[in-house]
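Here is the structure we will look at.
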Amino acid sequence: MQNEPIKNNQQVTAISADTLSQDAGAGLENVTPEDLIIPQLKIAQKTNKEVDENDGAYIPGVQIGDVMNNITGEFYGGDEGITVIPVAYKRVYLEFIDRDAGGGFVALHENPAIISETTRNNKGQDELQNGNYIQTTANHYVLLLENGKATPVMVAMSSTQLKKSRRWNSMMAGLRLRRKDGTSFTPSSFSHSYQLTTVPEKNSKGTWYGWKIDMIGQLEDVSLYHAAKAFGQTLDSPEFSENTENVPF
């Protein structure tokens, strides 16, 4: 049966949100965390393909220091940055083949004992006996807030940014709130929102852009709090942990 084309003079009735809500989630019943990829936000560096006009991965308009979404191709100015709610944190150890040997991801290790099997090479990498190297990576799972939406994303920090990650964790762990009876407690990481901007950095090896993290304040919208909590529960599922598509690159 062929679909009849809509004539120019035929009125089209808009679908209301109430109508759409009657079929909420339909078609996604069998989608599990294993079937999803969480977008990753990374800082555009001068070595990235996205900033090279002659590369197929080039994103028109993106500038060094901007924050890029690896799934949607959207980007945000580094000076303005992004607003996020931190939901969960996990340190992982990624095994890579060295670029001189072809490069590429090999495996994800969760046990920090893997570092004891490495030695520091002349590139400053933690190298295994097989010639591959381990990249210690701090994964911060957050809700990205923009235009009234809360989108689950991941911010991965490695190398020089590990210090920023520790500072952020210390900032969250140092929070204290008081109950009605006067006793204090440490609230969940998703009780507050933060602004992530980028700043230029350098050392003897070169220049790059890194993260700057500032607290905005305690959440006022309870729906955002519950959305963050639900995201965290998804991250606890075994299917998500086994999904190597969520490895940061």
Are I82 and I213 grouped together when hydrophobic residues (ILVMFWY) are joined by side-chain heavy atoms under 4.5 angstrom apart?
yes
Apart from I134 itself, residues in the same hydrophobic cluster as defined by side-chain heavy atoms under 4.5 Å:
Y93, I114, I115, L128
Determine, using the 4.5 Å side-chain heavy-atom cutoff (strictly less than), whether L196 and I43 are members of one ILVMFWY cluster.
yes
Gap between atom CD1 of I85 and atom CG of L224 - 0.5 Å precision
4.5 Å
Donor-acceptor pair, distance only, cut-off 3.5 Å: does the side chain of T198 make one with the backbone of Y209?
no
As an exercise, state the distance from CE of M171 to OG of S189, rounded to the nearest 0.5 Å.
13.0 Å
Please find out if less than 6.0 Å separates the ring center of F190 from that of Y225.
yes
From CA spacing to verdict: side-chain contact (heavy atoms from CB on, under 4.5 Å), L94, V92:
CA-CA 6 Å; L94 308 180; V92 295; 3.9 Å; yes
Transitive ILVMFWY side-chain link M157 to V84, under 4.5 Å:
yes
With a 3.5 Å distance limit and no angle check, can you tell me whether S184 reaches the backbone of R178 through a side-chain donor-acceptor pair?
no
Separation between NZ (K229) and OG (S188), nearest 0.5 Å, reads 8.5 Å
What residue pairs, at least two apart or across chains, pass salt bridge (Lys or Arg N to Asp or Glu O under 4.0 Å) with a residue in residues 156-174?
K164-E201
Compute whether any side-chain donor of one residue and acceptor of the other, for Q195 and D214, lie under 3.5 angstrom apart.
no
With a 3.5 Å distance limit and no angle check, can you tell me whether Q161 reaches the backbone of W211 through a side-chain donor-acceptor pair?
yes
Among N139, L235, N169, which residue satisfies the side chain to side chain contact (heavy atoms under 4.5 Å, CB included) criterion with Y89?
N169
How long is the straight-line distance from CE of M68 back to CD1 of I59, given to the nearest 0.5 Å?
5.5 Å
To the nearest 0.5 Å, tell me how far L144 CG sits from T83 OG1.
8.0 Å
Residues L219, S193; criterion side-chain contact (heavy atoms from CB on, under 4.5 Å); working and verdict:
CA-CA 6 Å; L219 294 183; S193 61; 4.0 Å; yes
For the student: nearest non-hydrogen atoms of K46 and I64, plus distance
CB-CD1, 3.6 Å
Judged by atom type as modelled, is there a donor-acceptor pair below 3.5 Å linking the side chain of N48 to the main-chain atoms of Q45?
yes
Taking side chain as C-beta onward, heavy atoms only, is F231 less than 4.5 Å from V142?
no
Roughly how far, to the nearest 0.5 Å, is the CD atom of E117 from the CG atom of N111?
8.5 Å
I want to check something: taking the side chain as every heavy atom from C-beta on, are T151 and L143 in contact at a cut-off of under 4.5 Å?
no
N/O donor-acceptor pair under 3.5 Å between N147 side chain and K149 backbone
no
Salt bridge E110-R91, side-chain N to carboxylate O under 4.0 Å
no
Testing the basics here: between E146 and Y76, what is the closest heavy-atom pair and its distance to 0.1 Å?
OE2-OH, 3.1 Å
Residue pair P200 / T207, side-chain heavy-atom distance below 4.5 Å:
no
Looking at every non-hydrogen atom in both residues, tell me the closest pair between V62 and A44 and how far apart they are.
CG2-CB, 4.3 Å
With distance as the sole test, does R99 use its side chain to make a donor-acceptor pair with the main-chain N or O of G103 at under 3.5 Å?
no
Output field: ring centroids Y194/W168 closer than 6.0 Å:
yes
Distance-only donor-acceptor check, side chains R176 and T186, under 3.5 Å
yes
Cut-off 3.5 Å, side chains only: do T137 and Q135 have a donor facing an acceptor?
yes
With distance as the sole test, does N69 use its side chain to make a donor-acceptor pair with the main-chain N or O of I71 at under 3.5 Å?
yes
Heavy atoms only: give me the nearest N132-E95 pair and the separation to one decimal.
ND2-OE2, 2.9 Å
Please evaluate residues H192 and L175 with respect to the criterion side-chain contact (heavy atoms from CB on, under 4.5 Å), reporting the C-alpha separation (whole Å), side-chain torsions for both, the decisive distance (0.1 Å), and the verdict.
CA-CA 10 Å; H192 289 63; L175 286 173; 3.7 Å; yes
Here the pair of heavy atoms bringing L145 nearest to A150 is CD2-CB, 3.8 Å
Same apolar cluster: V155 and M215, side chain cutoff 4.5 Å:
yes
Co-membership, hydrophobic cluster, residues M172 and Y141, 4.5 Å side-chain
no
Would the distance check show the side chain of D52 and the main-chain N or O of K49 forming a donor-acceptor pair, the cut-off being under 3.5 Å?
no
Applying salt bridge (Lys or Arg N to Asp or Glu O under 4.0 Å), which residue pairs with at least one partner in residues 118-137 are found, sequence neighbours left out?
D98-K123, D100-K123, R120-D126
Closest heavy-atom pair and its distance - V51, Y58
C-CD1, 3.8 Å
